[in-house]
Amino acid sequence: MIDEEKSSAEYGASSIQVLEGLEAVRKRPAMYIGDISSKGLHHLVYEVVDNSIDEALAGYATHIDVIINEDDSITVVDNGRGIPVDMHEKEKKSALEVVLTVLHAGGKFNKDSYKVSGGLHGVGVSCVNALSTYLRAEVRRNGKVYMQEYSCGKPTSELTVIGESETTGTTVTFKPDGSIFVETVYNYDTLANRLRDLAFLNAGITLTLTDKRERDSDGNARVESFYSEAGLEDFVRYIDAKRTPLIDHVIHLNTERQGIPVEVALTYNTDYNENIYSFVNNINTYEGGTHLTGFKRAVGFTIKKYAEDNKMLEKLVKDKIELTSGDYMQGLTAVISVKVMEPQFEGQTKTKLGNNEVIGAVQTAVAEAMRDYLEEHPKEAKIIADKIILSATARHAALKARTEVLRKSPLGGAGLPGKLADCSSRTAEDCELFIVEGDSAGGSAKKARDRHTQAILPIRGKILNVEKASKTKIFENQEITALYRALRVTPSTEEGKEDDVDISKIAYHKIIIMTDADVDGSHIDTLLMTFFFRRMRSVIDNGYLYIASSPLYKVSNKKRAEYCWDERQRLEALEALGPGSQVQRYKGLGEMDAKELKETTMDPENRILKQVNISDAIEADRVFSMLMGEDVAIRRDFIEANAAYANIDA
């Protein structure tokens, strides 16, 4: 066993505190990393990168490299201090081995080693080790290079010195266990998006992603670097790159209040959507929490006071329209990042911050920055106030329209849309709603369905693009109101809660978009996904939304037929069925008879459904804004860049 002289009183073996052992991780991996599919697979990388980011937050690392190797193993390299390798007094093994084999062991549990930490998932790199068939750790520290190898969480070699080094840092290479994970192939874009976020959240740190599986004609691997000088200001500009700005500035603050580092950047655009992303110690808090509460209070209070002081709200007062939180947030894009020494999260997934002291810290910092900006930029202040006043007026009109719609067409019973062919079951978990394009396809689908569990809702043409529509227009749209009524979902009519949608009594736990396999069908798919993403996000978050995959071709001879979903399958079927085979190209679902539609697209035993989920809300927001927004040139560039992956029927 290697024993080294303690090089730092602040970060040595004594800094590593052990809370409990590393047991049951391999037996119940989902308890520790969420799941064993693609999400959990990528989470392993995040855990290792978190350790390197912690070194950067402590001021010891500036570069972090992530490498996807040819065999889908991962290598993470940083230039931090290097994990300690001296003997751990309590465990009687090296500190490196403790960190890699004991759950809840690491410097981040010691306040003297790290003031804040992005990991603290309670698993860290030891969990990565437990779920990997192979892990190799190299530590550059004290002028030496130390190495130890592991398998399934257990050491397979002693800690040895394998060389000398003038630099410091840690290199971890691991191969996820294919007997545990159902998916073992890493997605480049998923990792790139996470590293990009980390670069924005930690200005001045360079993160590089290398994919050795993908090489150019010269044999060079794909490489992308992420670096931000301005931090969250750059982040907001990146998020809003596809939108039309309302003001030219990004309001940016980077300060500390009550011992809590607070960084916030925000701007307004001409859209109707709220786009706020919050982070705690680099963790994306999807459900918000106290930092988001403090932010919203500050924005609302400051803008309202400015508007009142400048006599801008007189018409609203006259019309008895109260400003609500949603009015201040409409068209707002913001990123909030706080660093908390001892974060308290609600739930195991760390999606909501619970520290009450953070409310005041964020509220004070944001209110001061907003007040200064509004006073120093009266022209932009008036533009923002005018948008908020317009939002309140439009919201009030939309509320009246929505109330009228619900009054005329109450949910349930006779209030169901006339074209809905409902199923007989009332057990939502068993029920499916197929949203189909047009009456022709609807007729075939109604004949093909299982009447007990499958309902059919034909829609007329392309529904309203909610990305560009006001709330008033949305609730005046016949096809959208039919969707709400068919699902038995009621938008709130309470003042200030217009965007709240309660899906607890939703009628179907599978909502299946089933459109033609052509350009128009793809457009309708995107319009419907935009609607659910912007106006009924909880349907996606609960895993209720699906896309049906219908065949493009039917290849047949006198004896048998095969259905084909792409060109490759068509060619294989032609070869298999031999000379004289006939090819039928389906231009739309209406061309299929009920038997064909059932056996290819609707029968649970044979069909292919694609579940819609959101692994990266920030990137999803950007894509929807790009595809459904006003900028045609940006949309064209995106389509041209991704055309190789699209089913486009001329």
Side-chain angles (χ1 to χ4, degrees), residues 37-38 68 70-72 178 182-190 211-219 222 434-438 440-441 444-445 447-448 512-526 528-529 546-613 623 627 635-650:
S37 63
S38 178
I68 311 173
E70 290 91 340
D71 62 348
D72 271 292
V182 296
E183 175 62 66
T184 56
V185 177
Y186 279 99
N187 181 278
Y188 179 91
D189 290 335
T190 299
D211 191 348
K212 291 186 176 180
R213 304 168 304 178
E214 185 176 337
R215 299 182 181 272
D216 60 21
S217 56
D218 296 325
R222 181 180 182 181
F434 286 84
I435 304 172
V436 300
E437 173 190 355
S440 177
S444 296
K447 294 177 182 176
I512 303 167
I513 301 171
M514 187 168 69
T515 58
D516 294 344
D518 59 11
V519 173
D520 286 341
S522 295
H523 191 193
I524 293 172
D525 288 351
T526 307
L528 284 165
M529 284 191 289
Y546 296 81
I547 304 290
S549 181
S550 57
L552 291 172
Y553 306 101
K554 179 181 180 181
V555 181
S556 60
N557 57 26
K558 293 181 179 180
K559 294 184 178 180
R560 64 189 179 100
E562 289 191 13
Y563 296 99
C564 308
W565 276 259
D566 56 34
E567 184 65 16
R568 178 186 59 80
Q569 291 180 354
R570 184 185 73 86
L571 294 174
E572 290 176 354
L574 280 171
E575 183 176 351
L577 295 180
S581 301
Q582 301 294 317
V583 177
Q584 180 180 356
R585 172 67 166 93
Y586 293 116
K587 292 291 185 181
L589 297 176
E591 292 187 5
M592 292 184 178
D593 60 32
K595 180 176 180 295
E596 291 173 326
L597 187 59
K598 179 177 181 178
E599 63 187 19
T600 63
T601 315
M602 297 182 67
D603 186 349
E605 295 296 323
N606 302 313
R607 70 189 181 192
I608 300 172
L609 292 183
K610 300 174 183 177
Q611 188 177 46
V612 178
N613 60 64
V623 171
L627 291 176
R635 179 161 56 249
R636 183 182 62 245
D637 292 343
F638 176 84
I639 292 172
E640 288 176 353
N642 293 275
Y645 305 99
N647 290 324
I648 297 179
D649 182 68

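Residue numbers start at 1 and run along the sequence shown.
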[X]: what forms a side chain to side chain contact (heavy atoms under 4.5 Å, CB included) with it, not counting sequence neighbours?
X: L609; value: K510, I512, Y546, A548, R607
X: S549; value: W565, I608, K610
X: K447; value: A594

Exercise for review: Determine whether more than 12 heavy atoms belonging to other residues, nucleotides or ligands lie under 6.0 Å from atom CD of E572.
Suggested key: yes
Below 4.5 Å, heavy atoms only, C-beta onward: do [X] and [Y] meet side chain to side chain?
X: Y188; Y: R222; value: yes
X: V185; Y: S38; value: no
X: S444; Y: L589; value: no
X: T600; Y: K554; value: no

Check your understanding: Going by distance alone, is a donor N or O of one side chain under 3.5 Å from an acceptor N or O of the other, for Y553 and E567?
Key -> yes
Point to revise | T184-D72 side chain donor-acceptor pair, cut-off 3.5 Å | key: no
Determine whether a donor-acceptor pair (N or O, by modelled atom type, separation under 3.5 Å) exists between the side chain of [X] and the backbone of [Y].
X: S581; Y: G578; answer: yes
X: Q584; Y: Y586; answer: no
X: T515; Y: G521; answer: yes

Value rounded to 0.5 Å, distance of [atom1] in [X] from [atom2] in [Y]:
X: K558; Y: Q582; atom1: NZ; atom2: CD; answer: 10.0 Å
X: I547; Y: D525; atom1: CD1; atom2: CG; answer: 4.5 Å
X: K598; Y: M592; atom1: NZ; atom2: CE; answer: 15.0 Å

**Study point:** Working for side-chain contact (heavy atoms from CB on, under 4.5 Å), residues R570 and L552
**Key:** CA-CA 9 Å; R570 184 185 73 86; L552 291 172; over 6 Å; no
For [X] and [Y], work out which heavy atoms get closest and say how close.
X: A576; Y: R560; value: O-NH2, 4.0 Å
X: E183; Y: S37; value: CB-C, 4.3 Å
X: A445; Y: M514; value: CB-CE, 3.9 Å
X: Q569; Y: Y563; value: OE1-O, 4.2 Å
X: D516; Y: E437; value: N-OE1, 3.4 Å

Review point. side-chain contact (heavy atoms from CB on, under 4.5 Å) between E70 and R215: does it pass, once the steps are laid out?
Key: CA-CA 10 Å; E70 290 91 340; R215 299 182 181 272; 3.2 Å; yes
